[in-house]
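Predicted model, so just to flag it, every value in this text is computed and none were measured. The basis for the numbers below is simple: all heavy atoms, side chains too, and nothing from hydrogens, waters or symmetry mates. One-based numbering, in listed order, for ligands and for the atoms of each.
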Amino acid sequence: MLSETEYIMLKIGIIGCGSIGTEICKAIDAKLINAQLVAVYDRSEEHGGKLLGALSNMPRLLSVDDLISESDIVVECASAAAVREYGLEVLERGKDLMILSVGALTDPELLEKLVKTAATHHSRIYIPSGAIAGIDGLRSASIASIDKVMLTTTKNPAGLKGAPYIINNNIDLGSFREKTLLFEGNAEEAIAAFPANVNVAASLSLAGIGAKETQVRVFVDPGAVRNIHEITVEGAFGKFTCRIENVPSPGNPRTSFLAALSAIATLKKITEPLQIGT
Ligand SMILES: NC(=O)C1=CN([C@@H]2O[C@H](COP(=O)(O)OP(=O)(O)OC[C@H]3O[C@@H](n4cnc5c(N)ncnc54)[C@H](O)[C@@H]3O)[C@@H](O)[C@H]2O)C=CC1
Ligand SMILES: O=C([O-])CC(=O)C(=O)O
């Protein structure tokens, strides 16, 4: 029988050295996960270098090609573009892939290709719960019929800055004096409008009834100091509601701290014999 430390020494490669990548690397460095951080990559050399400087056990800063070779699992915490650029290659080379930029998967063609490639090459795709709770309940509920999944997200103007919806509609985020509804639509439309703000809508879609049926509302609130996600699910099981008041990451006000913690928890789960939750 393997001892606990021998159980699985997972070799991890990280694409994206921003707020989530940094927290994951620090957790591995602090030995919170029984894993080895073998390599990191960022299209910004500055971000990659800054991250290396914050770690005691420095991984190598490699090209994506070499990073994939060295890793058992590649964690994408960069952007939807990175999922499109590197996702298939990771899986084709028989490696596992964790995706944080889940919005990329609202493209049904890309999703199908990734899933088929993973099946062919015996790889796995992991989608952490990210900045929300309730994915476990939704997965369980989806075994029977589901009538409604709704996400209501409220962020401070700083947490919505730069989103295509804001730019394309010439919205002055500084002009709001109270909580205001900015957007209402399905998850597919929400991801196109706010690709770096509501990845959680894509995760809910995958866990539940798809991006066309999942409803999303986005509020801006100048008084909000937390990123708030409220989830309502109704179906044959009954109904649940869930409200998460997230502390934003210090390095990126769009991203909640919980998103990085969920990636760390998922990596821990992969390496541990006891599996809790749906
Ligand atoms: N699933 C979820 O619940 C959540 C997902 N996210 C998503 O996770 C991703 C990472 O979030 P953060 O760490 O907060 O972002 P960040 O902006 O702090 O860091 C992203 C890093 O990735 C790099 N990058 C971007 N595109 C790249 C590419 N094509 N190739 C290589 N490097 C690239 C950037 O230079 C940057 O250093 C984002 O796509 C974000 O929208 C964020 C919050 C919650
Ligand atoms: O971190 C959050 O609160 C949610 C987020 O940005 C996303 O889902 O893209």
task = Could you tell me how the ring of F194 sits relative to the ring of F183: parallel (under 30°), tilted (30 to 60°) or perpendicular (over 60°)?
result =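 Geometry flag for F183 against F194: perpendicular rings.
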Closest non-hydrogen atom pair, [X] against [Y]:
X	Y	value
N199	G103	OD1-N, 2.9 Å
I244	A131	CG2-O, 4.0 Å
D29	S56	OD2-N, 2.7 Å

task = Please check if any side-chain donor atom of R43 sits under 3.5 Å from a side-chain acceptor atom of S79, or the reverse.
result =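 Judged by distance alone, the side chains do not pair up.
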task = Give the intermediate values and the outcome of side-chain hydrogen bond (donor to acceptor under 3.5 Å, both in side chains) for residues N227 and S256.
result = CA-CA 7 Å; N227 294 331; S256 302; 3.0 Å; yes
message = Counting only heavy atoms and a distance below 4.0 Å, can you name the residues contacting ligand 2?
response =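 A131, K155, A196, N197, V198, N199, V200, N227, H229, R254, T255, S256.
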Criterion side-chain contact (heavy atoms from CB on, under 4.5 Å) against T278, the qualifying member of I135, D136, I143 =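 The option that passes is D136.
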task = Write out the protein residues near ligand 1, meaning a non-hydrogen atom under 4.0 Å from one of its atoms, in order of chain and number.
result =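 The 4.0 Å shell around ligand 1 contains G16, C17, G18, S19, I20, Y41, D42, R43, S44, H47, C77, A78, S79, A82, E85, Y86, L100, S101, V102, G130, A131, A196, N199, V200, N252, T255, A259.
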message = Please determine whether side-chain hydrogen bond (donor to acceptor under 3.5 Å, both in side chains) holds for the pair S69 and R93, giving the CA-CA distance in whole Å, both sets of side-chain angles, and the decisive distance to 0.1 Å.
response = CA-CA 8 Å; S69 302; R93 290 167 65 178; 2.6 Å; yes
query = Counting only heavy atoms not in F257, do more than 12 sit closer than 6.0 Å to its CZ atom?
reply =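 Atom CZ in F257 is not packed in, count stays at 12 or less.
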